Structures are given as C-alpha cells and as structure tokens.
Amino acid sequence: MLNIVIFGAPGSGKGTQSLRIVEKYGLNHISTGDVLRAEIKNGTELGQTAKGYIDQGQLIPDELMIDILASVLDGFQDSKGVIFDGFPRTIAQAEALKKMLAERGQEVSVMIDLDVPEEELMGRLIRRGIDSGRADDNEETIRKRLEVYHSQTAPLIDWFKGENKYHHIAGMGSMEEISAKIAQAIDSL
Ligand code: B4P
C-alpha cells in the first residue's frame, strides 16, 4: 500500500501533482478541497457550512473534516493506496489520519512537502482566480489562507519529521520537473 500525503501552502501544486501521481501509480485520490467544492456546488448542508469558512480563507473544523475523510476512505475498495491532497492540514487531522490508517493495518508511506516561495504562490492563485473564477482565489482571501497555513498547517512539517515520513521537494520549476522529483521520491521508498 502506497499512502502519500501531498503537502504544501495554498497554490503549491498539490492538486496539480496529485493528478499526475494518480495517473502514474494508479492510486485513489482524496482532495478535501474538491470534496468541499462539490458539496457547495450541490447546495448541501455541508456545502453551505463549508462555504462560510472557505470564503473567509479559514479551515473547516477538524471534526467535520475527519468524518468526511473517513467516509471517503471507506468508499475505496481494492485500493493500491491513496494520495491525500490537502489533508491533513492540522495536527489533530494528522493524528486522526494516523489512527484511521492504523485501524486498517496501514500507515502513511511518505509526506511530500512542495516548498514554493510566497510571491510565487500569490501569483499562481491570482492567475487561477482570473481563469477559473474560484471565489477564494482573490488577494485578500489568499493572504488569509497563507496566514492560516503558517499558523495551523506548517507545524505539520515537524510533526511528520518526528514520524520519519518527511520528504522536502523544491516546488519551483515546470510541472514536469516537479513530477519527476516526486516520482523519484516515491520510487525510492
Ligand atoms: P484546496 O482545494 O486544497 O486548495 P489549495 O491549497 O488552495 O490549492 P492547491 O495547492 O491544491 O492548488 P494547486 O497547487 O493545484 O483547499 C481550498 C480550501 O478548502 C482551504 O482554504 C480550506 O478552507 C478548505 N479545506 C480543504 N482541505 C481542508 C482540510 N483538510 N481541513 C480544513 N479545511 C480544508 O494549484 C494552484 C495553481 O498553480 C493552479 O492554477 C496550477 O495550475 C498552478 N501551478 C501548479 N503547479 C505549477 C508550477 N509548477 N508552475 C506554475 N504554476 C503551477
């Protein structure tokens, strides 16, 4: 089982690279951002709750996110492994993931940290906002998301180092160059 956590600040390339890893290794993919956006699009109660947080650049409460993740994970049958894209984003989520996988006799194989300078992140997300109209890709909300990343999500770097699962990748360069570096890290596991 290959269980990969793809990690990084907003706009670091998690979603982009996850799709490439899924294609190359045939893994299941959980993007918590995509799950929430689908709920918003379908106008569900969960979507309405999530929208309030996402539009403010805030994280959805841990208990809610952990329940969502468990139900998506339970839906995967005969899986070769999973790529966790955008989860965990807090220490509480990381601990919950460790427990959920342990209950299934599994563990995280590696956490890949896509490290991209802040000016580049801002530029990428503003461009995506213009192209896609994503409501949270505007300058004010991006700044808030970056603050939340530094205060609540970046501490996971040390947490995964403590678990001996951390792998740093410099996330500047073409999408192909970054995919090649990620594949090298996965193939060396
Ligand atoms: P996500 O959908 O996870 O969004 P993200 O972190 O903003 O983007 P990502 O990092 O995947 O973007 P990508 O690089 O692919 O989360 C959205 C919101 O949902 C969060 O703010 C939060 O509110 C909520 N949420 C999600 N998960 C949660 C959780 N676990 N707990 C609580 N709340 C949660 O793409 C960025 C752009 O860069 C794209 O346009 C792409 O084309 C471009 N790009 C990618 N690689 C590039 C490269 N090498 N060079 C140039 N451009 C590149």
Side-chain angles (χ1 to χ4, degrees), residues 2-18 21 27 29-37 49-50 52-70 72-73 81-104 106-125 128 134 136-137 139-172 178 181-182 185-186 188-189:
L2 203 50
N3 289 312
I4 299 171
V5 170
I6 188 128
F7 181 88
S12 56
K14 300 185 293 289
T16 308
Q17 294 299 332
S18 292
I21 301 170
L27 305 179
H29 178 206
I30 302 181
S31 159
T32 41
D34 286 351
V35 170
L36 296 169
R37 282 186 289 276
T49 308
Y53 291 99
I54 291 178
D55 287 353
Q56 297 300 313
Q58 297 289 351
L59 298 179
I60 276 71
D62 283 334
E63 315 79 67
L64 198 54
M65 251 4 273
I66 291 165
D67 284 350
I68 295 171
L69 191 94
V72 178
L73 201 55
V82 177
I83 173 136
F84 296 91
D85 164 9
F87 189 102
R89 264 178 155 95
T90 61
I91 302 272
Q93 292 182 16
E95 283 169 350
L97 178 62
K98 185 176 177 181
K99 186 160 168 270
M100 258 184 262
L101 290 176
E103 282 162 4
R104 292 164 176 78
Q106 296 177 43
E107 60 178 8
V108 167
S109 315
V110 66
M111 180 269 226
I112 290 178
D113 177 18
L114 294 176
D115 186 7
V116 175
E118 204 130 320
E119 325 75 76
E120 169 75 10
L121 295 172
M122 185 55 96
R124 285 185 191 181
L125 292 174
R128 183 173 67 185
R134 225 175 99 166
D136 58 341
D137 284 341
E139 192 168 339
E140 194 190 333
T141 311
I142 297 166
R143 286 203 192 287
K144 184 71 212 164
R145 284 156 66 198
L146 289 171
E147 269 172 46
V148 167
Y149 168 78
H150 288 298
S151 61
Q152 298 187 51
T153 306
L156 285 173
I157 293 175
D158 281 340
W159 192 89
F160 277 103
K161 281 182 181 166
E163 297 275 305
N164 246 333
K165 305 287 185 194
Y166 180 81
H167 189 103
H168 175 268
I169 295 223
M172 287 292 281
I178 295 154
K181 286 194 258 182
I182 294 175
I186 295 174
S188 69
L189 287 173

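All heavy atoms count here, side chains included; hydrogens, waters and symmetry mates do not. Just so you know, these numbers come straight off a predicted model, no measurement behind them.
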*For the pair Leu121 and Ile142, evaluate side chain to side chain contact (heavy atoms under 4.5 Å, CB included) and give the outcome as yes or no after the intermediate values.*
CA-CA 9 Å; Leu121 295 172; Ile142 297 166; over 6 Å; no

*Taking the side chain as every heavy atom from C-beta outward, state whether Val5 and Leu97 have any atom pair closer than 4.5 Å.*
yes

*Flag the pair Phe84 / Val72 as yes when at least one side-chain heavy-atom distance between them is below 4.5 Å, and no otherwise.*
no

*asked:* I need the Ile21 CD1 to Leu2 CG distance, nearest 0.5 Å.
replied: 9.0 Å

*Judged by atom type as modelled, is there a donor-acceptor pair below 3.5 Å linking the side chain of Asn3 to the main-chain atoms of Glu107?*
yes

*Roughly how far, to the nearest 0.5 Å, is the OG atom of Ser12 from the CD1 atom of Ile169?*
11.5 Å

*asked:* With heavy-atom distances below 4.5 Å as the criterion, would you say the side chains of Leu156 and Ile91 are in contact?
replied: yes

*With a 4.5 Å heavy-atom cut-off, do Gln17 and Ile112 have their side chains touching?*
no

_Within-4.5 Å side-chain heavy-atom neighbours: Glu163 and Met111_ = no

*Taking every non-hydrogen atom, the tightest pair across Ala9 and Lys14*: O-NZ, 3.2 Å

*About how many Å separate OH of Tyr149 and CD of Gln152, when rounded to the nearest 0.5 Å?*
12.5 Å

*From Leu146 atom CG to Thr153 atom OG1, the distance as rounded to the nearest 0.5 Å*: 10.5 Å

*asked:* Please give me the minimum heavy-atom distance between Pro88 and Ala94, naming the atom from each residue.
replied: CB-N, 3.4 Å

*Heavy-atom neighbours of Lys181 NZ exceed 12 at 6.0 Å*: yes

*Please walk me through it: do Thr141 and Asp55 pass side chain to side chain contact (heavy atoms under 4.5 Å, CB included)?*
CA-CA 7 Å; Thr141 311; Asp55 287 353; over 6 Å; no

*asked:* Between Leu69 and Val35, is there a side-chain heavy-atom distance shorter than 4.5 Å?
replied: no

_Evaluation steps, salt bridge (Lys or Arg N to Asp or Glu O under 4.0 Å), between Glu139 and Arg143_ = CA-CA 6 Å; Glu139 192 168 339; Arg143 286 203 192 287; 2.8 Å; yes

_Is it the case that over 12 heavy atoms from other parts of the model lie below 6.0 angstrom from the CD atom of Glu120?_
yes

*Drop me the distance from Met172's CE to Ile178's CD1, to the nearest 0.5 angstrom.*
8.5 Å

*Is there a side-chain contact between Lys98 and Lys165 (heavy atoms, below 4.5 Å)?*
no

*Check the pair Ile60, Thr49 against side chain to side chain contact (heavy atoms under 4.5 Å, CB included), reporting the backbone distance first and the verdict last.*
CA-CA 8 Å; Ile60 276 71; Thr49 308; over 6 Å; no

_Any non-hydrogen side-chain atom of Val116 less than 4.5 Å from a side-chain atom of Arg124?_
yes

*Work out which heavy atom in Asp85 is nearest to a heavy atom in Ile6; give both atom names and the distance.*
CA-CG2, 3.6 Å

_Residue pair Arg89, Met65: steps toward the side chain to side chain contact (heavy atoms under 4.5 Å, CB included) verdict_ = CA-CA 10 Å; Arg89 264 178 155 95; Met65 251 4 273; over 6 Å; no

_Distance (rounded to the nearest 0.5 Å) between Thr32 OG1 and Ile68 CD1_ = 8.5 Å

*Ion pair present between Glu103 and Lys99, side-chain N to carboxylate O less than 4.0 angstrom?*
yes

*Would you say Arg145's side chain and Asp136's backbone share a donor-acceptor pair under 3.5 angstrom?*
yes

_Treating Ser109 as the side-chain partner and Ile4 as the backbone partner, does any N or O pair qualify as donor plus acceptor under 3.5 Å?_
no

*Kindly indicate whether a cation-pi arrangement holds for Lys161 with Tyr166, taking the cut-offs as under 6.0 Å to the six-membered ring centre and within 45° of the axis.*
yes

_Presence of salt bridge, Glu140 and Lys144, under 4.0 angstrom_ = no

